[in-house]
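A short worksheet on the structure shown next.
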Amino acid sequence: MKMKRLSYLLPVLAIALFGLGCKSPERKGEPVPNAAAPSGLPTPDADLPPQGVSRDVIYARQVLRNLNDAKSFRVAMLVPSAAGVINTTLDYNRVNGLLGKVTVPTDQGAQTAALYANQNEIWFKDGESGWKDLSDTEEGRNFNAIFQNAFGYQSQYQSTISDTATLLSKEQDPNVGCTRYAFRQSSNNGSEQTFTLCVTADLPVYLTINGPFGQIEIRYRDVNGNVDVQKPV
């Protein structure tokens with residue numbers, strides 16, 4: 001089935017953008033820490049916060065918040081599906097926008113689509129076709145809502161890691177050189193969700209989430225690095 005519409009990319013790119021975080025309306029007077037040079041971060045060794053929320057949960061939330069506040073990063077994501085593995089790459093620059101590509105397995109072979117977005121524009125490219133401006137379409141506005149919520153500039157970060165999330169294990173990943181935290185929590189529909197977050201220098205290296213067809217894997221690199229995103233049209 002040939003990919004023709006932006007809606008094919010929305011769920012996949014949304015996972016890459018959000019990870020396990022989202023935005024909520026801004027609350028005045030709450031400063032957002034500088035992700036480029038985090039300081040005073042809560043750590044797993046800090047005292048427990050009020051309401052008994054796990055210190056490991058607090059730390060994991062801060063790590064994902066640092067990514068959200070970053071000026072730039074690159075993402076590579078693998079999402080198992082009924083048809084095979086969906087492959088996604090995404091480059092993000094807070095000033096210039098994001099450029100993402102999704103490759104989906106189909107009966108006719110792999111189909112690829114690309115998307116460019118900034119605060120005002122949404123452009124879409126399906127296969128070998130040219131770039132199309134979808135800024136004033138319903139699909140474009142739907143993605144713009146995701147984009148604005150994920151990196152909303154006038155919003156306050158709020159993680160979707162539950163207050164009741166439980167740490168299952170903490171260990172070093174020697175292959176990558178990061179500390180891997182494994183958690184379990186209940187999702188909104190009451191089902192159990194497990195995920196891991198591997199961390200170095202208070203930033204995520206990779207995130208894995210158990211999905212309906214297998215483990216979703218999201219890897220981050222060049223956080224706050226030189227990621228040059230340019231409008232492709």
Side-chain angles (χ1 to χ4, degrees), residues 3 5-23 32 34-38 63-79 85-105 110-135 139-153 155 157 176 178 197-209 216-233:
M3 193 175 344
R5 306 294 286 173
L6 176 60
S7 57
Y8 282 89
L9 284 87
L10 284 173
V12 178
L13 289 178
I15 295 173
L17 288 173
F18 282 111
L20 288 176
C22 62
K23 293 277 193 172
V32 176
N34 181 1
V63 168
L64 292 177
R65 179 172 178 169
N66 287 343
L67 177 74
N68 180 274
D69 293 336
K71 67 179 182 180
S72 58
F73 56 79
R74 289 189 169 94
V75 175
M77 182 170 65
L78 301 176
V79 180
V85 176
I86 301 170
N87 192 313
T88 301
T89 59
L90 185 150
D91 288 359
Y92 170 74
N93 180 292
R94 181 168 290 275
V95 175
N96 296 338
L98 65 88
L99 183 63
K101 181 175 72 172
V102 177
T103 301
V104 178
Q111 300 289 326
T112 299
L115 178 141
Y116 168 81
N118 59 30
Q119 293 187 62
N120 303 308
E121 298 178 81
I122 306 290
W123 289 80
F124 179 64
K125 185 178 186 292
D126 184 11
E128 299 301 320
S129 65
W131 286 91
K132 298 179 181 178
D133 185 359
L134 299 182
S135 304
E139 289 171 328
R141 287 188 290 270
N142 288 340
F143 186 82
N144 185 261
I146 292 175
F147 180 79
Q148 291 296 330
N149 282 334
F151 305 104
Y153 306 99
S155 298
Y157 181 78
V176 182
C178 56
L197 177 67
C198 212
V199 180
T200 188
D202 300 320
L203 290 168
V205 176
Y206 64 79
L207 174 69
T208 65
I209 310 167
I216 299 169
E217 180 180 295
I218 312 170
R219 291 190 175 267
Y220 302 96
R221 61 187 178 93
D222 298 331
V223 180
N224 290 311
N226 183 19
V227 181
D228 184 20
V229 175
Q230 297 295 328
K231 185 176 176 179
V233 291

Exercise. Has the side chain of Asn93 got a donor or acceptor atom that lies under 3.5 Å from a matching backbone atom of Val227?
Worked result: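 Checked: pair present.
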For this session: Verify, without hydrogens or angle tests, whether Asp222 (side chain) and Ser72 (backbone) share a donor-acceptor contact under 3.5 angstrom.
Result: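 It does not hold such a pair.
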Point-to-point distance, once rounded to the nearest 0.5 Å, from [atom1] of [X] to [atom2] of [Y]:
X	Y	atom1	atom2	result
Leu99	Asp91	CG	CG	6.5 Å
Leu207	Met77	CG	CE	10.0 Å
Ile86	Gln111	CD1	CD	12.5 Å
Gln230	Asn96	CD	CG	5.5 Å
Leu203	Cys178	CG	SG	11.5 Å
Trp123	Asp133	CH2	CG	4.0 Å

Heavy atoms only: give me the nearest [X]-[Y] pair and the separation to one decimal.
X	Y	value
Val176	Tyr206	CG2-CE2, 4.2 Å
Ala113	Phe124	CB-CE1, 3.8 Å
Asn66	Asp202	ND2-O, 2.9 Å
Pro204	Leu197	CB-CD1, 3.8 Å

Side chains of [X] and [Y], heavy atoms from C-beta outward: is any pair under 4.5 Å?
X	Y	result
Ile218	Thr208	no
Leu78	Asn87	yes
Lys231	Glu121	yes
Leu98	Leu115	yes
Tyr116	Trp131	yes

Exercise. Is it the case that more than 12 heavy atoms not belonging to Lys132 sit under 6.0 Å from its NZ atom?
Worked result: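 No, not enclosed.
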For this session: Please step through side-chain contact (heavy atoms from CB on, under 4.5 Å) for the pair Leu67 and Tyr220, ending with a clear verdict.
Result: CA-CA 9 Å; Leu67 177 74; Tyr220 302 96; 3.4 Å; yes
Exercise. So Arg74 and Thr89, side-chain contact (heavy atoms from CB on, under 4.5 Å) or not? Walk me through it.
Worked result: CA-CA 8 Å; Arg74 289 189 169 94; Thr89 59; over 6 Å; no
Exercise. Relative to each other, are the rings of Tyr92 and Phe73 parallel, tilted or perpendicular (30° and 60° limits)?
Worked result: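 Ring orientation of Tyr92 relative to Phe73: tilted.
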